[in-house]
Amino acid sequence: MRSLFGAMAALLLAPLVSAADAGTAPDVAKLYQAHCAACHAPDRLGAMGPALLPDNLARLRKAEAAAVIAGGRAATQMPPFDKVLGKAEIAALADWIYTPVTPEPRWTDADIRTSRIQHVDPATLSARPVFDADPLNLFLVVEAGDHHVSVLDGDHLEPIHRFPSRFALHGGPKFAEGGRYVFFGSRDGWITKYDLWNLKVVAEVRAGINTRNVAVSPDGKHVAVANYLPHSLVLLDGELNLIKVIEATDRDGKRSSRVSAVYDATPRQSFIVALKDVAEVWEVSYTKAVEDIPVGFIHDFKQREGAFIPAYLNPRRTVLAEVLDDFFFTQDYAELMGASREGVGQVVNLDARKKVANLPLEGMPHLGSGITWKWRDATGTERTVMASTNLKSGEVTVIDMQRWEVIRRIPTRGPGFFLRSHETSRYAFVDSMMSREAKHILQVIDKQTLEVVREIAAAPGQTLAHIEFTRDGRYALASLWEQDGAIVVLDAHTLEEVKRLPMKKPVGKYNVWNKISRDEGTSH
């Protein structure tokens, strides 16, 4: 880990940089070292503060970054600089942090091992929850406004705890060991293990510089981390010690790829890996009870004439014609539905390791937030269908998962990100948060008629999104995605508002039971 003390020393020794004279370009490198390096590291890889690299700042507009530099961030250690720096200097700093670092920064095995922090001794933790609420009906609410996580009691719909998180959590928390432990991944590579029964951070490690998400085996013994930078899949044990790093390259080792996501496929006891730049899907088994992987030319599989490697924690590759970087899985994880950036859809069988069907998709379907349910057609025949939002088109696409054909394209107010339901609910909720005009509207779809039957709206200009249900499906919780926002609690049957819980930009909320049971109404 880069030395925070060294960075602070550099700050103290650096000369103070005055506002740039009129007509003189600010010396942005000196500005950064004097005012930013102590918290964000001299190499911009992050220390106490987050990494300041273009990819890590992808969700923050440059104008917003300039406003943060000028005004600071509430409830964080980011101070305002508008009294120290002029407008030209602030603008120059904002421009500079959106330029790539050259040469490209590295994050080695040694960096990962050195970064690990043990916050508490696991032996001191209680073996029972330290609260009275149902531990399987808790919600974790990620509040991006001030980088905290709130724990809600799902029975009483009230907060019971709140704690600070790493900057810009990404990819959703993942639960293990029956929901006791939860693992978070931050945009700048920090993986946090949290004991939900004891309400304490147990350990942390920095597994990369730009991280997409984390996946965890149900027993909590294997953790996989998908990285954009460096191009790698990082495998950790349950205590966040490094096991190995797998460089993300094609089977010939010639082309490198960002890792866009990793998923836990519990029925297969493996992780499924999506690559952003290489037309391959990986399966990495976390059980040793699996056949070895053949590599190179194999003359006779039965006689094992050829080269093999252990399948345990090594990638088994499915080579495809198109890059697929957004997945949805059947409930048994035998097959995945994937979409390319061009909207090309495929169904891939993970046992046969090949494409078995095409999907007639348009625009940019967001398969990763898809859901399934049982639907009866006009003849009374029951089918399993899958539905997903679309990031470019105002529609929800409903697909028959036996025939792999589109049943219905349900028009929506605009391009949306999240679709949610519950196995006990007749409704599915979809947002239009990618639409400037309609991002304040949630639409309610009847899962049998496949029609929009209700709209729920916030004030125009606000964002209302990301439904999550209580364990029993009685209530649906929506996020009013504003700095001074709220969790909006809806009666899942009458669709009327029940109450609001004030929150700081609650970007997502996750119910323990729905996640560990893989409820059909939530994404996996």
Side-chain angles (χ1 to χ4, degrees), residues 172 326-328 337 339 343 345 359 361-375 384-401 406-470 473 475-481 485 487-497 506-511 514 519-524:
D326 191 16
F327 293 168
F328 182 87
M337 305 162 64
L359 287 175
L361 302 174
E362 297 175 1
M364 187 180 289
H366 188 217
L367 299 178
S369 71
I371 62 173
T372 63
W373 68 85
K374 297 291 191 298
W375 174 76
T384 299
V385 299
M386 176 268 187
S388 79
T389 56
N390 197 298
L391 303 180
K392 286 187 176 180
S393 302
E395 70 172 42
V396 168
T397 309
V398 184
I399 296 171
D400 183 323
M401 297 186 71
V406 174
I407 294 173
R408 186 78 54 87
R409 299 184 188 278
I410 305 172
T412 62
R413 286 282 196 147
F417 203 87
F418 297 108
L419 181 68
R420 289 291 187 271
S421 186
H422 189 275
E423 63 183 4
T424 67
S425 176
R426 65 178 293 181
Y427 300 121
F429 294 75
V430 62
D431 63 70
S432 295
M433 65 177 293
M434 314 301 286
S435 165
R436 181 171 295 181
E437 296 77 20
K439 63 182 182 179
H440 65 297
I441 298 174
L442 279 175
Q443 292 181 285
V444 184
I445 296 170
D446 186 302
K447 293 192 298 187
Q448 289 306 309
T449 66
L450 304 184
E451 300 286 347
V452 174
V453 295
R454 181 79 173 266
E455 291 189 340
I456 299 167
Q462 295 184 330
T463 299
L464 188 63
H466 195 278
I467 286 282
E468 177 72 306
F469 284 75
T470 51
Y475 297 102
L477 281 60
S479 290
L480 186 60
W481 205 317
I487 296 298
V488 181
V489 181
L490 304 169
D491 185 298
H493 303 293
T494 67
L495 305 180
E496 298 299 323
E497 183 175 327
V507 296
K509 71 211 75 64
Y510 309 88
N511 179 269
N514 292 343
D519 183 271
E520 65 180 22
T522 190
S523 61
H524 299 172

- Query: Between OG1 of T494 and CZ of R454, what distance do you get to the nearest 0.5 Å?
  - Reply: 7.5 Å
- Item | Sole candidate of F469, Y475, F429 that passes side-chain contact (heavy atoms from CB on, under 4.5 Å) when paired with L490 | F429
- Would you say Q448's side chain and K374's backbone share a donor-acceptor pair under 3.5 angstrom? yes
- Approximate separation, where rounding is to 0.5 Å, of E423 CD and T372 OG1: 10.0 Å
- CD on E468 to CD1 on I487, rounded to 0.5 Å: 10.5 Å
- Mind checking whether M337 and I399 have side chains closer than 4.5 Å, heavy atoms only? yes
- Beyond-backbone contact of W373 with V385, side-chain heavy atoms, under 4.5 angstrom: yes
- Locate the shortest heavy-atom distance separating K509 from A465; write the atom from each residue and the value. NZ-O, 4.2 Å
- Message: Checking R426 against D446 for the salt bridge (charged side-chain N to carboxylate O under 4.0 Å, His left out) test, could you report, in this order, the C-alpha distance in whole Å, the side-chain angles of both residues, the deciding distance, and whether it holds?
- Response: CA-CA 6 Å; R426 65 178 293 181; D446 186 302; 2.4 Å; yes
- Apply the test salt bridge (charged side-chain N to carboxylate O under 4.0 Å, His left out) to residues R408 and E451: give CA-CA distance (whole Å), side-chain angles for both, the deciding distance (0.1 Å), then the verdict. CA-CA 10 Å; R408 186 78 54 87; E451 300 286 347; 3.6 Å; yes
- Item | Value rounded to 0.5 Å, distance of CD1 in I407 from OG1 in T397 | 11.5 Å
- Item | Considering all heavy atoms, the nearest G473-A492 contact | O-CB, 3.3 Å
- Query: Any side-chain heavy atom of I441 sitting closer than 4.5 Å to one from S432?
  - Reply: no
- Item | Distance-minimising heavy-atom pair for T522 and I371 | N-CG2, 4.1 Å
- Checking side chain to side chain contact (heavy atoms under 4.5 Å, CB included) for the pair W375/L450: CA distance, chi angles, key distance, verdict? CA-CA 9 Å; W375 174 76; L450 304 184; 3.7 Å; yes
- Taking all heavy atoms of F417 and all of L391, pick out the closest pair and write down the distance. CD1-CD2, 3.6 Å
- Message: So does W481 get a backbone contact from the side chain of S479, meaning a donor-acceptor N/O pair under 3.5 Å?
- Response: no
- For P411 and V452, the nearest pair of non-hydrogen atoms, with its separation, is O-CG2, 3.9 Å
- Query: Between atom CG of L359 and atom CG of L367, what is the distance when rounded to the nearest 0.5 Å?
  - Reply: 7.5 Å
- Task: State whether the side chain of S369 and the backbone N or O of H366 hold a donor-acceptor pair below 3.5 Å, judged by distance alone.
- Result: yes
- Please step through side chain to side chain contact (heavy atoms under 4.5 Å, CB included) for the pair L477 and T470, ending with a clear verdict. CA-CA 8 Å; L477 281 60; T470 51; 4.3 Å; yes
- Query: Got a sec, which pairs hit ring-ring contact (aromatic ring centres under 6.0 Å, His included) with one end in residues 443-466, sequence neighbours left out?
  - Reply: F418-H466, H466-Y510
- Query: Hey, what do you get for CD1 (I467) to OG (S421), rounding to the nearest 0.5 Å?
  - Reply: 10.0 Å
- What residue pairs, at least two apart or across chains, pass side-chain hydrogen bond (donor to acceptor under 3.5 Å, both in side chains) with a residue in residues 409-420? E395-R409, R413-E455, R420-S523
- Task: Please report the closest heavy-atom contact between A458 and L464, naming both atoms and the distance.
- Result: N-CD2, 4.1 Å
- Message: Closer than 3.5 angstrom, by distance alone: can the side chain of S435 be matched with the main-chain N or O of P415 as a donor-acceptor pair?
- Response: no
